[in-house]
Amino acid sequence: MFKLDNSKKLYPLWAMLIGLISFLISGIIIGLISLITSEGLILILGVPIGSLLMLFVLHKLDKSNLLAVVIRSELGGFIGFFMGFMIGELLGGVVAFFFPSLSDMTQIKLQIMPNIVVLIVANAIFGASLADLFYGRKSICFFALVCGIVSIPFGLLLSIPIDIAWISFDQNLLFIVTSFGTTTGLSIGLYSLLKLGNKS
């Protein structure tokens, strides 16, 4: 049976905070720039820059995987977002079609459901796209599962009308980008902890 000191036990939390802060900073900076260009820039640049910053701080980044991180972050972010959006909208439409006489409270829940599905699918795909690069194919399912589950609170945030005065760009895109870093950071921390435990 292995034992870990407190600093190692806290590594998943530390990695999650690093991911959250890295993607939040990247998202805000690119979001402000997007005001004079296009809001889509948050996804185009915010995600790969956030990935590079997070992985650099976590000592996972080097010259050999720099380009691969950018490409996988870009593809994982875009594919995850659009797949999640399509599945979320489809699911919401199907439920609304088969249950047209739902109460107002349930209708509110139906508005929340697609947002949660979007975040679950998007984060699962994004996390899986980076997992294989650093830990091999065996880690893909673990990253996808953790990222999907941890993204649920962000899906709830998308359903709550939050107006942050100093953020004049699309706050929903900022939540989505930040969720990528938070869930992937935690997955990196947890998987590293499990690997360390298995070696002990």
Side-chain angles (χ1 to χ4, degrees), residues 12 14-88 115 118-137 139-148 150-151 153-155 157-158 167-192:
W14 166 251
M16 181 184 72
L17 290 175
I18 291 298
L20 187 155
I21 294 170
S22 298
F23 278 70
L24 182 61
I25 291 174
S26 173
I28 290 175
I29 293 175
I30 302 301
L32 293 173
I33 296 174
S34 73
L35 292 175
I36 57 175
T37 54
S38 169
E39 287 187 338
L41 204 65
I42 302 177
L43 283 175
I44 296 172
L45 293 180
V47 174
I49 291 175
S51 294
L52 292 173
L53 182 57
M54 174 185 70
L55 295 170
F56 174 77
V57 176
L58 292 176
H59 304 291
K60 301 288 183 182
L61 191 67
D62 55 50
K63 293 180 180 179
S64 64
N65 59 28
L66 187 66
L67 182 59
V69 167
V70 172
I71 294 174
R72 291 195 181 212
S73 296
E74 198 74 71
L75 291 176
F78 263 105
I79 294 173
F81 175 76
F82 287 109
M83 284 291 293
F85 181 79
M86 290 171 57
I87 294 173
N115 290 333
V118 168
L119 267 295
I120 290 176
V121 174
N123 277 272
I125 292 176
F126 181 78
S129 69
L130 289 180
D132 179 49
L133 182 61
F134 295 98
Y135 300 107
R137 293 181 179 179
S139 66
I140 291 177
C141 289
F142 178 86
F143 270 66
L145 180 63
V146 173
C147 288
V150 179
S151 68
F154 287 94
L157 277 176
L158 286 181
I167 297 181
S168 51
F169 53 88
D170 192 331
Q171 295 177 25
N172 287 339
L173 284 178
L174 180 62
F175 287 144
I176 293 171
V177 168
T178 305
S179 73
F180 287 158
T182 306
T183 60
T184 305
L186 179 62
S187 297
I188 290 173
L190 288 174
Y191 198 82
S192 298

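Heavy-atom basis, side chains included; hydrogens, waters and symmetry copies ignored.
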Within the 4.5 Å heavy-atom criterion, are [X] and [Y] side-chain neighbours or not?
X    : Y    : value
L53  : S26  : no
I28  : L174 : yes
F142 : L190 : yes

Where is the tightest heavy-atom contact between [X] and [Y], given as atom of each residue plus distance?
X    : Y    : result
G181 : F23  : CA-CD1, 3.2 Å
G84  : V118 : O-CG2, 3.3 Å
K60  : S192 : NZ-OG, 3.8 Å
M83  : I125 : CB-CD1, 4.0 Å
S129 : G76  : OG-CA, 3.9 Å
I30  : L41  : CG2-O, 3.2 Å

Nearest 0.5 Å please: distance from the [atom1] atom of [X] over to the [atom2] atom of [Y].
X    : Y    : atom1 : atom2 : value
F126 : S73  : CZ    : OG    : 4.5 Å
M16  : I188 : CE    : CD1   : 13.0 Å
L133 : I140 : CG    : CD1   : 10.5 Å
I79  : E74  : CD1   : CD    : 10.5 Å
D62  : L55  : CG    : CG    : 10.0 Å
L145 : N123 : CG    : CG    : 12.5 Å

Y135 and F143 aromatic ring geometry - parallel, tilted or perpendicular at 30°/60° bounds: tilted
Heavy atoms of other groups near F56 CZ, more than 12 under 6.0 Å: no
Residues, nucleotides or ligands: over 12 heavy atoms within 6.0 Å of F134 CZ: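 Yes, CZ of F134 has more than 12 neighbouring heavy atoms, counting only those of other groups under 6.0 Å.
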